[in-house]
Amino acid sequence: METADKKKRPVIISEVSRTTPENGKFPFVMMNFSQAQCNVNSFMKSDSSLDLEVNGWQKGRPSFDLQVDTPHLSYVNTDYEDKYYTTYVAIRDKTTGKTRLFESMDVLLKPKVEPPPSTNPVLLKPEDEQDREEMKKTLVKAFGQSKGKRYYDQKDQFEVNAEDTVARVQKAVADVDVDTMAKREIAVVNIVPPRDETANRADMFYRVEHFLEENEMQQMIEACTEVLQEYNSVEAIEKGIESKEFSHLGAYFLKKLLDQAVLPDAKAALVLYLDSIIKFSRLRPHEIAKGHKHLPSYLPKSMKSRLLREFSADKIVTQELRDKAICYTIVLSLILNNFSLEISLLSESMKVKHRHLKQLVMMIGAHVEVDAASSQPKIVLKNSLTNFNVNYVAKRRN
């Protein structure tokens with residue numbers, strides 16, 4: 001019988017071996033079957049064979065194909081991966097009392113079976129989409145609801161002759177060079193600012209170099225220094241808001257710069273860029289058509305050209321480009337404000353519906369939360385980006 005004062009031997013970890021592409025070490029493979037756990041002793045005694053083919057490395061883990069052939073069935077590995085835990089195999093040396101840990105991989109095996117081909121004549125018959133649609137239309141008109149019948153009645157009413165439509169279109173575009181029109185590419189607007197998808201920290205997703213080049217940043221720093229020399233107090237900046245020289249959000253960050261003993265270079269450049277985007281989004285079409293004339297006077301010429309290039313297409317602003325200006329404003333504000341921004345600050349400068357704003361926030365990877373102290377909604381950028389499906393449509397509740 002063990003005594004109560006028996007000393008417990010401490011666990012000493014002498015080595016932790018990780019599996020990385022650099023060291024090229026292949027991990028221990030812990031096999032399990034989809035229908036049951038693997039009994040190692042029974043497996044070793046059985047007449048079974050293993051076939052392992054390594055395909056390379058993906059996301060820091062070895063990619064391989066494993067096939068286990070038993071007297072009854074063959075098994076292959078699945079795409080199962082434990083995203084939350086890393087498993088290690090411990091090997092202890094009883095002489096020294098030291099323990100070594102080796103990283104392992106859990107592999108889930110499934111039976112390799114092929115279903116027999118179907119002999120059902122209905123399934124083997126090639127499906128005719130037109131017959132299927134006609135059958136559906138007949139069933140809806142005979143047994144369906146009134147709105148379904150109305151749908152097909154309207155569809156029949158507005159159905160046009162295809163040949164007649166082609167003839168009319170060809171007549172309308174007789175003077176248009178069809179080959180030239182076909183070759184023209186439609187420009188796709190990416191409303192989300194450039195970012196580092198591989199980053200895992202909020203301050204690394206969006207960085208200054210994603211928005212401004214080195215020479216542009218230097219020009220904006222000089223411009224911001226001149227602006228703060230002229231508007232060197234809170235009262236002066238407030239007068240700048242009244243004269244529409246600054247937006248409310250831009251003025252908010254300019255006031256923060258007044259409190260800095262040394263002007264931070266990157267933030268100074270981004271503050272002016274943010275304010276110029278907001279002012280550009282407020283311009284009317286005839287003002288945008290005049291180019292540089294109605295853009296902020298403190299902006300360098302190269303930055304005025306950048307605004308027209310980034311947020312307009314041939315001096316025309318579409319809805320996608322308006323959304324792009326909002327997304328850029330949100331991201332720049334998050335960078336300048338420690339990755340948190342009250343929605344009320346944004347609403348003072350840019351008009352956007354709340355539901356649409358939430359969609360844009362999700363597209364840039366941020367979150368909308370309620371501040372515990374002020375009970376006001378705010379936008380927060382965390383260490384992981386959100387996913388947003390543009391094509392998702394919520395189901396209507398009955």
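Values below: every heavy atom of this structure, side chains too, minus hydrogens, waters and symmetry copies.
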Assess whether atom [atom1] of [X] is packed by more than 12 heavy atoms of other residues, nucleotides or ligands within 6.0 Å.
{"X": "Gln319", "atom1": "CD", "value": "yes"}
{"X": "Lys351", "atom1": "NZ", "value": "no"}
{"X": "Arg284", "atom1": "CZ", "value": "no"}
{"X": "His286", "atom1": "NE2", "value": "yes"}
{"X": "Lys256", "atom1": "NZ", "value": "yes"}
{"X": "Lys255", "atom1": "NZ", "value": "yes"}
{"X": "Glu15", "atom1": "CD", "value": "yes"}
{"X": "Asp47", "atom1": "CG", "value": "no"}

Requested in this report: Please report the C-alpha distance between Ile191 and Leu360 in whole Å, then the side-chain angles of each, then the deciding distance to 0.1 Å, and finally whether the side-chain contact (heavy atoms from CB on, under 4.5 Å) criterion is met.
Outcome: CA-CA 9 Å; Ile191 68 173; Leu360 296 178; 3.9 Å; yes

What are the two closest non-hydrogen atoms of [X] and [Y], and how far apart are they?
{"X": "Phe102", "Y": "Ser17", "answer": "CD2-CB, 3.6 Å"}
{"X": "His294", "Y": "Glu287", "answer": "CD2-O, 3.6 Å"}
{"X": "Arg195", "Y": "Gly365", "answer": "NH1-N, 3.9 Å"}
{"X": "Pro27", "Y": "Ser104", "answer": "CB-CA, 4.1 Å"}
{"X": "Ile364", "Y": "Pro193", "answer": "CG2-CD, 4.4 Å"}

Report the distance from atom [atom1] of [X] to atom [atom2] of [Y], rounding to the nearest 0.5 Å.
{"X": "Thr78", "Y": "Lys110", "atom1": "OG1", "atom2": "NZ", "value": "7.0 Å"}
{"X": "His356", "Y": "His354", "atom1": "NE2", "atom2": "NE2", "value": "13.0 Å"}
{"X": "Met363", "Y": "Ile330", "atom1": "CE", "atom2": "CD1", "value": "11.0 Å"}

Ignoring hydrogens and angles, tell me if any N or O in the side chain of [X] forms a donor-acceptor pair with the backbone of [Y] under 3.5 Å.
{"X": "Ser247", "Y": "Asp275", "value": "no"}
{"X": "Asn77", "Y": "Leu66", "value": "yes"}
{"X": "Ser243", "Y": "Gly240", "value": "yes"}
{"X": "Lys304", "Y": "Lys293", "value": "no"}
{"X": "Thr386", "Y": "Met362", "value": "yes"}
{"X": "Asn383", "Y": "Ala202", "value": "yes"}
{"X": "Lys267", "Y": "Ile335", "value": "no"}

Query raised in the report: Are Leu258 and Phe253 co-members of a hydrophobic cluster defined by side-chain heavy atoms under 4.5 Å apart?
Result: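 Yes, Phe253 connects to Leu258 through the hydrophobic network.
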
Query raised in the report: So do the side chains of Ile278 and His248 get within less than 4.5 Å of each other, counting heavy atoms only?
Result: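 When only atoms from C-beta onward are counted, His248 and Ile278 do not touch, as no gap falls below 4.5 Å.
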
Query raised in the report: Should the ring pair Phe246 and Tyr231 be called parallel, tilted or perpendicular, given that the plane angle runs from 0 to 90° and is split at 30 and 60?
Result: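 If you compare the ring of Phe246 with that of Tyr231, the planes turn out perpendicular.
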
**Report entry** Step-by-step side-chain contact (heavy atoms from CB on, under 4.5 Å) determination, Gln218 to Glu222
**Finding:** CA-CA 6 Å; Gln218 192 58 41; Glu222 294 173 1; 4.0 Å; yes

**Report entry** Connected-component partners of Val11 among ILVMFWY, side-chain separation under 4.5 Å
**Finding:**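 Besides Val11, the hydrophobic cluster comprises Ile13, Val16, Tyr88, Leu101, listed by chain and residue number.
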
**Report entry** Charged N-O contact under 4.0 Å between Arg100 and Asp93
**Finding:** no

Query raised in the report: So which pairs with a foot in residues 324-333 pass side chain to side chain donor-acceptor pair (under 3.5 Å), sequence neighbours left out?
Result: Glu310-Lys324

